[in-house]
**Q** 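This is the structure I have questions about; it appears just below.
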Amino acid sequence: MLELDHFSHGWLTPVMAYLVSFIGSALALRCVVHARSSEWPSGWLATAAVSLGGAGIWVMHFTAMLGFSIHGATIRYDVPITLLSAVIAIVVVWIGLSIVVRGRNEFVALPIGGAITGIGVAAMHYLGMYAMKTNAHVDYDRKTVAVSVVIAVVAATAALWFMLHVRGLFATIGAALIMGVAVCGMHYVGMTSMHASHSDHQVDSGGIDPLQLVTPLIVTVTMVIMMLMVVVGLAEIDERSTREPLPARREPRETLSTTTGSWPVISDVRHESPSWGLRSSSESEHRKRHRLDSDR
């Protein structure tokens with residue numbers, strides 16, 4: 001048996017993987033918040049699928065794999081299979097989100113969406129492992145694989161529940177922290193099912209070195225995440241501006257006449273009653289007539 005090292009670069013790779021998973025989860029949660037209030041949620045659901053499935057799960061997986069090594073063996077990656085695993089991650093998350101967000105009965109939609117998403121995420125993980133080409137013989141412990149699939153389904157169901165119920169900023173951060181732990185936990189549990197032994201076959205010459213795979217991956221994902229952050233940020237600003245209350249309209253005040261003790265009269269000059277104007281003009285005419293009589 002060959003020794004496997006999941007932390008060949010220390011805590012750098014697991015911390016980076018968790019940070020990527022947290023950012024992807026947080027962006028996906030905010031996208032689903034806007035999808036629930038939007039008349040056209042399809043675009044927001046697709047953005048959430050890219051955020052969670054692409055960044056939060058798939059990129060997290062290969063970031064963590066940077067710290068993985070097999071002592072005495074060489075590791076390379078098959079590019080087409082690696083890209084196929086990314087497509088699977090995004091598609092299964094989009095299917096799960098579409099089921100739970102558009103479903104009328106949460107108690108039915110949530111388990112179905114969670115099962116589809118969880119099994120799809122597990123398939124993405126082991127397909128990504130299959131894309132790893134090495135001159136060592138690799139096999140997997142079936143019981144540990146089954147445990148990792150169960151963890152993936154439970155984590156996916158919890159993530160979809162958060163998508164339905166989380167709204168506020170602090171709740172989003174808390175949920176994203178939990179989702180990051182669940183995704184990373186599923187990955188490392190799945191990795192413990194792997195065992196390697198000596199083999200005589202050579203590494204497939206078509207594969208590429210892990211650093212050659214991850215370097216353009218990091219650049220691309222960074223640009224995508226920045227674009228998603230801008231889109232979500234602009235949507236947050238627009239939503240807050242629409243929620244701000246309009247200036248209170250000035251209503252006419254009612255005051256009680258202190259001289260006559262009569263019923264309240266509207267004091268706003270702009271809403272002056274026509275009868276008040278007629279009464280004022282009749283009083284002025286009466287005073288003029290009184291002055292003319294006194295002069296005579």
Side-chain angles (χ1 to χ4, degrees), residues 3-28 49-70 75 77-78 81-93 96 114-134 138-160 162 175-196 210-211 213-214 217-218 221 225:
E3 183 181 354
L4 305 182
D5 189 356
H6 300 282
F7 307 99
S8 58
H9 298 294
W11 286 99
L12 177 62
T13 51
V15 170
M16 288 179 59
Y18 177 78
L19 181 62
V20 170
S21 182
F22 165 75
I23 294 174
S25 300
L27 287 174
V50 172
S51 300
L52 181 58
I57 298 175
W58 185 73
V59 177
M60 173 269 148
H61 169 84
F62 284 97
T63 302
M65 289 302 295
L66 282 177
F68 176 75
S69 63
I70 303 175
I75 297 177
Y77 285 94
D78 184 284
I81 298 178
T82 301
L83 296 178
L84 177 61
S85 66
V87 174
I88 291 176
I90 295 173
V91 169
V92 296
V93 170
I116 293 174
T117 304
I119 293 174
V121 169
M124 180 280 304
H125 173 83
Y126 289 105
L127 185 61
M129 297 304 299
Y130 179 75
M132 184 180 67
K133 305 301 180 181
T134 177
V138 176
D139 59 355
Y140 297 90
D141 180 71
R142 295 181 179 179
K143 292 183 180 179
T144 309
V145 170
V147 171
S148 67
V149 174
V150 172
I151 293 176
V153 172
V154 173
T157 304
L160 294 177
F162 285 135
L177 291 172
I178 297 173
M179 290 167 64
V181 172
V183 173
C184 292
M186 181 269 161
H187 169 81
Y188 284 106
V189 169
M191 291 300 297
T192 60
S193 67
M194 180 179 177
H195 303 284
L211 288 178
L213 172 68
V214 174
L217 177 65
I218 291 177
V221 170
I225 289 178

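It should be emphasised that the depicted structure is a prediction, and the values quoted were computed from it without experimental measurement.
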**Q** Where is the tightest heavy-atom contact between S69 and I75, given as atom of each residue plus distance?
**A**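 That would be CA-CD1, 4.1 Å.
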
**Q** Nearest 0.5 Å, what's the CE-CG distance between M60 and L19?
**A**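 Rounded to the nearest 0.5 Å, the CE-CG separation comes to 11.5 Å.
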
**Q** Which atom names give the shortest non-hydrogen contact between M186 and A152, and what distance separates them?
**A**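 For M186 versus A152, the nearest heavy atoms are CG-CB, 3.8 Å.
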
**Q** Applying side-chain hydrogen bond (donor to acceptor under 3.5 Å, both in side chains) as the test, list every pair that has at least one member in residues 6-15; sequence neighbours left out.
**A**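 Output for this query is empty, none listed.
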
**Q** Restricting to non-hydrogen atoms, name the atom on V183 and the atom on G56 that form the minimum distance, rounded to 0.1 Å.
**A**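 Heavy atoms only, the tightest pair is CG1-O, 3.5 Å.
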
**Q** Do the non-hydrogen side-chain atoms of M194 and M132 ever get within less than 4.5 Å of each other?
**A**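 M194 reaches M132 side chain to side chain.
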
**Q** Can you give me every donor-acceptor pair (side chain of residues 114-121, partner residue at least two apart or in another chain, under 3.5 Å) with its distance?
**A**
from, atom 1, to, atom 2, distance (Å)
T117, OG1, V92, O, 3.3
T117, OG1, G113, O, 2.8

**Q** Verify, without hydrogens or angle tests, whether S25 (side chain) and S21 (backbone) share a donor-acceptor contact under 3.5 angstrom.
**A**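 Yes, the answer is positive, given that a donor and an acceptor are paired below the 3.5 Å cut-off.
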
**Q** Side chain to side chain contact (heavy atoms under 4.5 Å, CB included) with I225: which residues, sequence neighbours excluded?
**A**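 I225 satisfies side chain to side chain contact (heavy atoms under 4.5 Å, CB included) with I23, L27, A55, V221, M229 only.
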
**Q** Decide yes or no for V87 and L83: does some side-chain heavy atom of the first lie under 4.5 Å from some side-chain heavy atom of the second?
**A**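 Result no, sub-4.5 Å side-chain heavy-atom pair not found.
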
**Q** Looking at side-chain heavy atoms only, is the closest gap between K133 and Y77 below 4.5 Å?
**A**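 Of all side-chain heavy-atom pairs linking Y77 with K133, none is under 4.5 Å.
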
**Q** Is the ring centre of F7 less than 6.0 Å from the ring centre of Y188?
**A**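 Judged by ring-centre distance (under 6.0 Å), F7 and Y188 do meet the cut-off.
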
**Q** Locate the shortest heavy-atom distance separating A89 from M124; write the atom from each residue and the value.
**A**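 So the two residues come closest at CB-CG, 3.7 Å.
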
**Q** Do the non-hydrogen side-chain atoms of Y130 and D78 ever get within less than 4.5 Å of each other?
**A**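 They are not in contact (no side-chain heavy atoms under 4.5 Å apart), so the answer is no.
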
**Q** Name all pairs fulfilling the side-chain hydrogen bond (donor to acceptor under 3.5 Å, both in side chains) condition that reach into residues 139-160, sequence neighbours left out, sorted by first residue then second.
**A**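 Listed by first then second residue: Y126-S148, D141-T144.
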
**Q** Any side-chain hydrogen bond (donor to acceptor under 3.5 Å, both in side chains) involving residues 53-64? Give me the pairs, sequence neighbours left out, ordered by first then second residue.
**A**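 Listed once each, the pairs are W58-S85, H61-H125, H61-H187.
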
**Q** With V147, which residues qualify under side chain to side chain contact (heavy atoms under 4.5 Å, CB included), at least two apart?
**A**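 Partners of V147 by the side chain to side chain contact (heavy atoms under 4.5 Å, CB included) criterion, ordered by chain and then number, come out as I151, V189.
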
**Q** Run the side chain to side chain contact (heavy atoms under 4.5 Å, CB included) test against L177 and tell me which residues pass, sequence neighbours left out.
**A**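 Applying side chain to side chain contact (heavy atoms under 4.5 Å, CB included) to L177 gives Y18, F22, I173.
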
**Q** Tell me, please, which residues at least two apart from L84 pass side chain to side chain contact (heavy atoms under 4.5 Å, CB included).
**A**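 For L84, the residues satisfying side chain to side chain contact (heavy atoms under 4.5 Å, CB included) (neighbours in sequence not counted) are I88, L127.
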
**Q** Report yes if some heavy atom in the side chain of L52 is under 4.5 Å from a heavy atom in the side chain of M179; otherwise report no.
**A**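 In contact.
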
**Q** Do you know which two heavy atoms are closest between I90 and G53, and how far apart they sit?
**A**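 Heavy-atom minimum between the residues: CG1-C, 4.1 Å.
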
